[in-house]
Each structure stands twice: as C-alpha cells, then as structure tokens.
Amino acid sequence: MNPNTIHARVLVDELIRSGVSDLCLAPGSRSTPVVLAAAEAREAGRLRVRVFLDERSASFFALGLGKASGRPAAVLTTSGTAVANLLPAVVEAAASETPLLLLTADRPGRLRDADANQVIDQRSIFGSYPVWAAELPAPSVDDASLRHLRVAACRAVGLARGLPAGPVHLNLPYAKPLEPVRVDGGRVDDATEPHPEYADEGRTGRRDGSPWTRVTVRRPRLSDDELGALAEHLASFTRPVIVAGPHPDSEALGPALRGLARAWGPPLLADPLSGARYGTDDGTPACTAYDLFLRARDVGDALEPDAIVRVGAAPTSAPLLAWMDRHSGAEHVVVDAGRRWKDHLARADRVVQACAVDTVGRLVGSLRPLADRTWTDRWSVVDDAVRTSLDAAREGVEGAHEGRLARAVLRALPEDGTLFVSSSMPVRDLDGYGGPAAGAARVYGNRGASGIDGIVSTALGAAAGSETTAVALVGDLAFLHDVNGLLAAREADAAVVFVVVNNDGGGIFHMLPIREHEPAFTPFFATPHGVDLQHGAALYGVPHAVVPAANLESEVRRARGRTHPGHRGAFGSGREPARPRIRRTARAGGCAAGALGRVGPRLPARTPAVRGRISRPVPPGRCPAGTTTKGGTRRGRPRPPRGPERGAHCRPRRRFE
C-alpha cells in the first residue's frame with residue numbers, strides 16, 4: 001500500500017482518539033491522503049468533515065468551533081498559497097488563546113527553492129503565533145515512525161488545548177502518488193490491506209481506543225500559602241474594583257467572578273465577552289453602564305479606587321481603560337496564566353501567574369466582605385441612574401439608533417442563548433448600551449486581534465460548537481468582508497440569525513479625529529459601499545428581511561424560534577443540501593450621527609416601507625456643535641452646510657432598499 005495512505009490514516013485516527021471531532025477542509029490535490037482518511041472516518045461515524053470552498057472561511061469556522069467548545073477543530077489545506085489564507089485565523093486564535101489545529105499538506109522538501117510549481121516554504125509561515133509548529137517527517141510505515149506520528153498527533157492536540165490554548169501547526173509533506181495505490185502502480189481494492197512492514201502496534205494504536213499519549217493540560221495553581229497571602233493583601237483595600245475582560249474560558253470564569261463579587265463586595269465591571277456580564281440577577285454588584293458614565297472625567301475622579309483587580313484580556317471599553325490608566329495610585333493586580341502579557345498600560349503592581357478560574361474560585365472562600373459598602377453603593381447609584389436615563393431615552397427615540405439595536409438583540413436571546421458580536425462598533429454598542437441580562441447568555445467575539453476577517457464564518461462555527469441557534473450582531477463591512485462565509489450556512493448544525501447593522505461604511509471611523517478631515521475622510525476612511533445586502537444573502541440562499549428597529553427584538557425571536565440545529569439532513573450525506581429556508585439576515589439601515597436612512601420592513605414582503613431616523617451613539621464632545629443628532633442640535637457652532645462639503649457626522653442622505 002502507498003505509505004501516504006497509511007500515514008494519513010494513522011494521523012487521523014490518533015487525532016480522533018485525542019478529542020478532535022471536526023475537520024474543516026478546502027479542496028486540493030496535495031492533501032488527498034488526509035482527505036481520504038478523513039472520509040473513511042466520517043463514514044464510520046467518528047469524524048465530522050466539513051467542506052469549504054476557501055481556506056479563510058474554513059479556518060475561521062474552525063476557530064468558532066474552538067471558541068464555543070474549548071476543543072481544537074482541525075483545518076486541512078493543500079499546499080502553496082492555500083496555507084497563507086489561514087494566517088488571519090491563526091493570529092486571532094493566538095491572540096484570543098483559542099484552540100485550533102492546522103494541517104497543511106506540502107510537497108516534499110527537496111522541491112523547495114528549486115523552481116517547482118506551487119511550492120512555498122510553509123514550515124514557519126505563521127511565524128511566532130502557533131503554540132507549536134512542526135514539519136512531520138516524510139511518511140514511513142515502520143513501527144517506530146508510526147508510533148512517533150501518533151505521539152505528534154497527541155502532542156498537537158494537547159498543546160492546542162493547553163493553558164494558554166492556541167493554534168498548533170503540523171506541516172505534512174507528501175510525495176506522489178497521493179491516491180491509495182500500490183507504489184508500483186497497482187490499485188488497492190482492499191483499503192485495509194496491510195503493508196509488509198506495517199507493524200501491528202503502530203497501525204492499530206491503543207487497543208482500548210485511548211490516545212497513544214495522554215497529555216494533561218498544565219494549569220498553574222497557587223499554593224495555599226500564596227493564595228492566603230494574596231487574599232490578605234486584597235483584604236487590606238477599602239475601595240477595590242474587579243475588572244473582567246474577555247477570557248477564553250468565560251463559561252467557567254464568569255460564575256466564579258460573580259461569586260467573588262458577591263462574597264467580597266466590590267463593584268464588578270464585566271466586559272460582554274468575560275462571561276461575568278450576564279446572569280447577574282443573583283445579587284452580584286455588577287455595573288453595566290460604566291462605558292458611558294466613565295466618559296465624564298468628574299464622575300471617574302469621584303469613583304477613585306485604591307485597588308483594581310484585573311482578570312482576562314484588556315476590556316473593550318476605551319473609557320474604562322482610560323479611567324484605569326489615570327488612577328496610577330491604585331494597586332493594579334493582574335490574574336492571568338496566559339503566555340501573553342496582559343498589561344499594555346504598564347500599570348500592574350502585581351501579576352499573579354496562575355489559572356484565573358482556580359484562583360478566583362478559591363478567593364471566594366478566603367476574602368471577608370468589605371466592611372464599608374458605601375463604596376459599592378456609590379457605583380450602583382451612578383449605574384442605576386445612567387441605565388434609567390437610557391431606558392427613558394429609548395422610549396422617546398424612534399428609528400435604529402445602533403445602541404438600541406444591540407439592546408434589542410440581547411433581549412431577544414433566551415436565558416442561555418448564544419450571541420456572536422462583531423468587532424468595531426457592534427461590540428462597543430453592546431458594551432455601552434446593551435445593559436444587563438437576567439439569563440446567562442454566552443457571548444463570543446474575535447477580540448483577540450479585533451480584525452474584521454472571518455466574522456460570518458466564526459459566528460457559524462460558534463453556533464455549531466455551542467450546539468444551539470446563535471444570533472450574530474455584525475456590521476455591514478464585516479458582513480461584506482466575509483460574505484463567502486455564508487456558504488457554511490448549509491451545515492446542519494450551523495444555525496445563526498444574522499443581524500447586520502448597515503450604516504453604509506466604516507462607522508467606527510466617525511469616532512476618530514480623522515472625521516473632521518474632508519474631502520479625504522468619506523472615500524478613504526468611511527468608504528461607503530452602496531451595496532444592497534439582500535443580493536449577497538440571496539446568492540447563498542439565505543433569506544433576507546429589512547426589519548424596523550422597533551420590531552427587531554420580536555423578529556429575532558421569531559427567526560430564532562424557527563431556526564434550529566439539525567433541522568436539515570447532514571451535509572454530505574449523499575442528498576442534495578436543502579436550501580436554508582429560515583435563516584434571515586435582519587438589516588437595520590443607517591448612517592453616522594445625524595444622517596437619515598431608510599428602514600423598510602420586508603417581512604412580510606408586502607408590508608409598506610417605514611421610514612425611520614438612524615443615529616450613531618454620540619459621546620459628549622464627539623460631534624461638532626451644530627450637527628443634527630437624534631437628541632437635537634448641539635449649540636455653539638453653526639450647522640454644517642448641506643452638500644458634498646459637509647462634515648463626517650452629516651453624511652449625504654442615502655436610501656437603503
């Protein structure tokens with residue numbers, strides 16, 4: 001038998017034994033041995049194989065699977081530039097500490113730097129981002145080689161799941177012939193026929209079906225004395241604050257942080273991706289409007305802490321980061337075991353390099369409650385006042401204010417719902433305007449590197465990994481950037497309701513000083529696209545509806561109720577994949593602050609269009625005086641002129657069909 005076939009079968013078998021249940025592949029020739037081995041495992045019911053037309057979508061779908069499940073999904077590519085398309089997902093996996101396994105087929109090493117077609121140096125193509133990268137030896141069928149191959153597979157999965165988790169890259173050189181034929185050219189009818197040198201031990205693996213090598217994930221743990229010293233140190237503060245940032249193990253860390261806040265007593269400022277933001281109707285002293293009230297410097301100064309305990313990555317909120325940076329007199333304590341240094345402000349007085357879940361959980365029983373609760377009450381009063389004002393403002397605001405959209409999407413989730421939120425403005429809108437939620441919603445996002453890449457694909461992968469119907473709140477540019485990811489909507493378990501906020505361009509740039517510099521700003525930064533998104537949805541067979549802001553919550557609930565994993569036959573079962581009938585892309589049209597947009601419902605199609613006012617949330621001092629916003633006209637400066645010369649916050653009126 002062809003040694004390539006044996007090599008690929010042993011590799012796939014050991015990956016499955018080690019816990020890999022999903023393989024995302026893009027078609028190609030050089031990866032043929034692994035594709036055929038995966039197909040056999042799929043037929044045996046051991047592996048889910050997902051086919052993608054492009055490698056970038058495949059890698060981001062696998063990334064979403066890893067975010068939601070905590071297990072690495074494998075991505076398989078052919079050689080050449082196909083491998084380079086994985087880099088954005090590799091960067092995000094490394095930055096967000098998400099497990100991901102990269103299997104890149106390659107030509108034999110002798111063809112490198114020899115003018116051979118489709119040959120690039122793939123060995124270190126991802127630089128320092130992988131947790132581990134290795135090129136496996138050329139396929140050999142002797143017993144020692146096969147045992148080493150199984151060890152490499154176990155090591156790859158173990159390191160991908162480690163603490164910290166991250167991407168692992170295995171480069172697989174295969175020489176022709178790639179098909180399961182004898183080396184002398186005769187075809188093998190019995191695919192299980194052993195090679196004369198095909199040793200029993202390496203071929204079959206452990207007889208009980210277990211991995212060849214069990215890899216235990218190392219989780220640094222404080223000793224009892226170290227934990228006691230940390231608890232005693234924290235107990236000496238009277239005005240502490242807990243800041244929870246995005247964390248790869250948010251489902252475990254979130255409840256632990258809420259428990260610590262209840263037992264100890266300080267206010268909890270939890271990022272939407274921390275796992276601690278939602279489900280706080282249990283008496284947790286959580287603040288959810290900090291992104292808004294910390295913009296006011298006098299408020300931030302009145303809430304001066306003497307200790308800031310940080311867990312997870314840097315929070316999304318820029319006002320929160322600025323507030324933390326200003327209070328250099330406070331003790332800054334960072335609890336994290338990841339390989340990335342979590343202190344870009346260079347404010348940390350103490351870094352506790354230990355498993356955050358374990359450390360926080362053990363601190364719950366070690367810290368006595370704050371003696372004076374007026375500190376926490378002060379935060380609660382401010383937070384309640386801001387949220388009350390927001391609720392009152394929502395009642396009086398018509399149209400699709402983007403903060404209102406984020407709140408509507410969050411309210412549409414069931415108690416244990418899954419939400420994927422895009423980078424740039426959607427995650428900021430959720431942070432500032434989403435507010436609390438009674439249910440323990442699971443929220444995912446690509447905030448490791450905060451790129452615009454692969455948002456649609458990652459959301460679909462997260463839905464498949466969480467085994468539930470997800471809702472994705474994304475911007476129009478992110479949607480267009482990965483519209484090809486909608487091909488994965490045919491996966492039976494990838495059930496997502498996409499809510500696309502269409503403000504016709506890069507809305508986040510309106511929050512930057514460059515907005516004042518026309519005429520360059522609009523074409524080179526805001527980049528209005530003028531694309532009718534329904535055509536993109538129709539291209540992939542995904543139903544589309546334009547939903548008024550006032551109806552968004554009910555429409556998302558209705559769409560989610562009709563969308564569920566497994567409602568179609570499994571993809572690749574031999575039947576023609578059914579066209580997705582019930583996913584919908586809900587779009588809210590809109591522009592930057594003060595601009596008008598058209599919001600027209602298309603559900604049902606005969607409903608007459610309804611016009612509404614669209615506005616971006618405008619923080620104090622962000623909008624030029626005189627610009628028309630939803631709250632009225634700012635005084636002190638004349639209204640900018642209408643026409644092409646008008647400023648960034650008053651973009652030309654656009655129609656959205």
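- The existence of a salt bridge linking R428 and D431 is excluded, since no basic side-chain nitrogen approaches an acidic carboxylate oxygen closer than 4.0 Å.
- No cation-pi contact links R368 to W264, judged by a cut-off of 6.0 Å to the six-membered ring centre and 45° from its axis.
- Atom-to-atom distance recorded for L253:CG and S274:OG is 7.5 Å, nearest 0.5 angstrom.
- Between the H247 side chain and the D249 main chain, a donor and an acceptor come within less than 3.5 Å of each other.
- The two atoms that bring Y290 and P272 nearest to each other are OH-CD, 4.4 Å, heavy atoms only.
- Residues L100 and L63 share a closest heavy-atom pair of CD1-N, 4.0 Å.
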Quiz item: Under the side-chain contact (heavy atoms from CB on, under 4.5 Å) criterion, do Y433 and L410 qualify, and how do the steps go?
Solution: CA-CA 10 Å; Y433 297 89; L410 182 63; over 6 Å; no

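- Not one N or O on the side chain of S210 forms a donor-acceptor pair closer than 3.5 Å with the backbone of R206.
- A cation-pi arrangement is not found for R17 relative to W212, the charged atom failing to lie both closer than 6.0 Å to the ring centre and inside a 45° cone about the ring normal.
- With a 6.0 Å radius and a threshold of 12 heavy atoms from other residues, nucleotides or ligands, R326 has its CZ atom above the threshold.
- Checking D271 against T316 by side-chain atom types alone, a donor-acceptor pair falls below 3.5 Å.
- The pair R123-E135 fails the salt-bridge criterion, with no side-chain N (NZ, NE, NH1 or NH2) lying under 4.0 Å from an Asp/Glu carboxylate O.
- Side-chain contact between V352 and V334: absent, with no pair of heavy atoms (C-beta onward) separated by less than 4.5 Å.
- Around CZ of R218, the count of heavy atoms belonging to other residues, nucleotides or ligands within 6.0 Å does not exceed 12.
- Between V456 and F498, some side-chain heavy-atom pair lies under the 4.5 Å cut-off.
- Under 4.0 Å is where a charged nitrogen must lie from a carboxylate oxygen, and between D372 and R239 no such pair does.
- With a 4.5 Å cut-off on side-chain heavy atoms, L227 and S366 count as touching.
- Atom-to-atom distance recorded for H332:NE2 and D349:CG is 6.5 Å, nearest 0.5 angstrom.
- Distance check, rounded to the nearest 0.5 Å: CZ of R442 to NZ of K67 gives 15.0 Å.
- A donor-acceptor pair under 3.5 Å is absent between the side-chain atoms of H233 and the main chain of G228, judged by distance alone.
- The CG atom of D384 lies 10.0 Å from the CG atom of D377; values are rounded to the nearest 0.5 Å.
- Side-chain N/O atoms of T238 and D306 include a donor and acceptor closer than 3.5 Å.
- A salt bridge links E491 with R48: the closest approach of a Lys/Arg side-chain nitrogen to an acidic carboxylate oxygen falls below 4.0 angstrom.
- Inter-residue side-chain proximity for S457 and D482 is flagged as met; some heavy-atom pair is nearer than 4.5 Å.
- When only modelled atom types and interatomic distance are considered, R560 and T469 share no side-chain donor-acceptor pair under 3.5 Å.
- The backbone N or O of A153 sits nowhere less than 3.5 Å from a side-chain atom of E14 that would complete a donor-acceptor pair.
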Self-check item: Evaluation steps, side-chain contact (heavy atoms from CB on, under 4.5 Å), between V556 and V471
Solution: CA-CA 8 Å; V556 170; V471 178; 4.0 Å; yes

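- Checked by atom type and distance alone, the side chain of E97 never pairs as donor or acceptor with a backbone atom of P248 at under 3.5 Å.
- Ion pair D22/R50 flagged as a salt bridge, since at least one NZ, NE, NH1 or NH2 atom sits closer than 4.0 Å to an Asp/Glu carboxylate oxygen.
- The distance from atom CG of L76 to atom CG of L172, rounded to the nearest 0.5 Å, is 7.5 Å.
- Taking the charged nitrogens against the carboxylate oxygens, E304 and R378 have no contact shorter than 4.0 Å, which rules out a salt bridge.
- Here L163 contributes atom CG and R219 contributes atom CZ; the two are 5.0 Å apart, rounded to the nearest 0.5 Å.
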Exercise. Any chance you could lay out the salt bridge (charged side-chain N to carboxylate O under 4.0 Å, His left out) test for R295 and D291, step after step, and finish with the verdict?
Key: CA-CA 7 Å; R295 296 174 188 268; D291 181 73; 3.0 Å; yes

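- A distance-only check finds no donor-acceptor pair linking the side chain of S124 to the backbone of G127 [under 3.5 Å].
- Of all heavy-atom pairs spanning P285 and T376, the tightest one is CB-CG2, 3.7 Å.
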Quiz item: When you look at T98 and Y444, which way does the side-chain contact (heavy atoms from CB on, under 4.5 Å) test go after all the steps?
Solution: CA-CA 11 Å; T98 302; Y444 303 107; over 6 Å; no

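- There is a side-chain donor-acceptor pair under 3.5 Å between R447 and S450.
- Taking 4.0 Å as the cut-off between side-chain N and carboxylate O, R310 and D336 do not count as a salt-bridged pair.
- Salt-bridge check for R347 with E331: failed, with every basic side-chain N at 4.0 Å or more from each acidic carboxylate O.
- S59 and A89 make their closest contact through OG-CB, 3.3 Å (heavy atoms, listed as atom of the first residue, atom of the second, distance).
- Closest heavy-atom contact between L257 and A244: CD1-CB, 3.6 Å.
- Here the closest non-hydrogen pair linking S423 and I455 is N-CD1, 4.5 Å.
- Between L102 and V90, some side-chain heavy-atom pair lies under the 4.5 Å cut-off.
- Between W379 and F293 the shortest side-chain heavy-atom distance falls below 4.5 Å.
- At least one side-chain heavy atom of V243 sits less than 4.5 Å from a side-chain heavy atom of L320.
- Counting only N and O atoms by type, the side chains of N446 and T458 include a donor and acceptor under 3.5 Å apart.
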Exercise. Decide salt bridge (charged side-chain N to carboxylate O under 4.0 Å, His left out) for E226 and R350; before the verdict, give the C-alpha distance in whole Å, the side-chain angles of both, and the deciding distance to 0.1 Å.
Key: CA-CA 13 Å; E226 291 170 328; R350 180 180 300 220; over 6 Å; no

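- Side-chain N or O atoms of R258 include none that pairs as donor or acceptor with a backbone N or O of L268 at under 3.5 Å.
- Using a 4.5 Å heavy-atom threshold, the side chains of R147 and V151 count as separate.
- Residues R387 and D383 are paired through a salt bridge, judged by an N-O separation under 4.0 Å between the basic side chain and the carboxylate.
- Between the side chain of S69 and the backbone N or O of R71 there is at least one donor-acceptor pair closer than 3.5 Å.
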Exercise. Under the side-chain contact (heavy atoms from CB on, under 4.5 Å) rule, what do R150 and D13 come out as? Steps first, then yes or no, please.
Key: CA-CA 9 Å; R150 289 188 180 274; D13 175 65; 2.8 Å; yes

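- Under 4.0 Å is where a charged nitrogen must lie from a carboxylate oxygen, and between R407 and D429 no such pair does.
- A donor-acceptor pair under 3.5 Å is formed between the side chain of D343 and the backbone N or O of A348.
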